[in-house]
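Right, one structure below, let's go through it.
The analysis underlying the following values was restricted to heavy atoms, covering all of them including side chains, and did not include hydrogens, waters or symmetry mates. Protein chains get the first letters and strands the later ones, always in sequence-line order, with residue 1 at the start of each.
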Amino acid sequence: MSTPALKEWPLWEVFVRSKQGLEHKHCGSLHASDARHALQMARDVYTRRQEGVSIWVVPSASITASEPDSKDAFFDPAADKVYRHPTFYEIPDKVGHM
Amino acid sequence: MYTQSFNVPDGTAPGPQAVPAAADPALQAHFDAVIDADGKIEPRDWMPEAYRKTLVRQISQHAHSEIVGMLPEGNWISRAPSLKRKAILLAKVQDEGGHGLYLYSAAETLGTSRDQMVDALHSGRAKYSSIFNYPTLTWADVGVIGWLVDGAAIMNQIPLCRCSYGPYARAMIRVCKEESFHQRQGYESLLTMMQGTDEQKAMVQDAVNRWWWKCLAMFGPPDDNSPNSVQGMRWGIKRISNDALRQKFVDATVPQAEVLGVTLPDPELKWNAERGQHDFGAIDWDEFWQVVNGNGPCNKERLATRVKAWEDGAWVREAALAHARKQAQRTMKEAA
């Protein structure tokens, strides 16, 4: 491709808190020249209808992610530990809700 | 807003074509199993090269359609008949820009860059929805675009919310939530005009007459002439066939036209009690392909407008980067 990649604004991931008391949730990404610019862009792109009360922007390059290929090996250790769930334990009905 | 069955081939990209790596059978089997179970594929999961390419093409064409789609209506912002209609139209056109950005982001998760996509559009290799290569001659066109063009787009887009590729599906959910406003504002604007003078009513009818067939063509070629559709269905990218969506659109629109008090320009359009659907006339596919291939009334103008906007904005993009670099240097100096 003939594209001068260096002229592209960096990529940012956008997280929006939809209302006070809820967590910030990933909602997409955008290109912006710096953090302040990214916040303004995020407001215009992702909260045009008051979808948020707070925004985080993070450079996409700063995110470390688990490898999808190692999904099994990485998450398997939890798979056979059913005793970590409350439904593993049988309690007599007469005890009521516990 | 606007994917037409956008699986029409783009022009060929220059430069070396990626050679698809021979697929590992285990990876392919895992992918097939996820698709068969109606599961989702996420950006870093293994996927067949052809699936990736199809998605890049479809999502980027969809994004281009949103961006080019700002132009026909943008022309009317400064000429809207009241402050209220101007504010509504501004919001709608801004939404289209936003939809383009969601979709470009989704396409970028597949390993293409924004600049590559913009370059493909500006060099004329990439396609976008043909509907925007027609002019918006009167204010009634703005209403009709909302009612019919966005209405057709919604029909197309709702099934895409269940697309097998996660980022595309999530972008479409966001788009569909906003799209309903687009259709309703258009219809309401037309209702208002239909309560006006004879000239205003005639203006609405004229706009409907000019846009109706083009909207039917937005759903893409008939099923028996749409080879890509089969693969798209297999991959869970396409969920409902072009003809089925077109039929749904006709059936939904006929009663809306009655309430509005306009006729649809098709003498063969009538209710078929046996099928429980409307019959309608034949679409002029020669015209459709003419416009797809660059020979519509506004193809050149639309593209030229986009390229000019991009080039005129170059100094802003560069200045923003220069400012960011300077700020970063200053911060480093202060820290030192």
Student check: side-chain heavy atoms of [X] and [Y] closer than 4.5 Å:
X	Y	answer
E178(B)	R48(A)	yes
R317(B)	S33(A)	no
S113(B)	E8(A)	yes

Against chain A, label R170(B) side chain, backbone, both or neither, depending on which of its atoms sit under 4.5 Å from a heavy atom there.
neither

Any idea which heavy atoms bring S29(A) and S105(B) closest together, and the distance?
O-OG, 2.9 Å

Rounded to the nearest 0.5 Å, how far apart are [atom1] of [X] and [atom2] of [Y]?
X	Y	atom1	atom2	result
W9(A)	R114(B)	CH2	CZ	10.0 Å
D44(A)	Q94(B)	CG	CD	6.0 Å
Y104(B)	H31(A)	OH	NE2	11.0 Å

Are there over 12 heavy-atom neighbours, none belonging to K19(A), within less than 6.0 Å of that residue's NZ?
no

Please check: side-chain N/O of Y46(A) versus main-chain N/O of G98(B), any donor-acceptor pairing under 3.5 Å?
no

Does the pair R44(B) and E67(A) meet the rule for a side-chain contact (heavy atoms from CB on, under 4.5 Å), with working shown?
CA-CA 8 Å; R44(B) 300 176 73 225; E67(A) 287 299 322; 3.0 Å; yes

Stepwise side-chain contact (heavy atoms from CB on, under 4.5 Å) check, D95(B) with R49(A)
CA-CA 10 Å; D95(B) 272 356; R49(A) 289 176 176 76; 2.4 Å; yes

Answer key: most heavy-atom pairs under 4.5 Å with chain A among H323(B), E318(B), Q327(B), E108(B) is E108(B)

Using non-hydrogen atoms and a 4.5 Å limit, figure out which bit of A35(A) sits close to chain B: side chain, backbone, both or neither.
neither

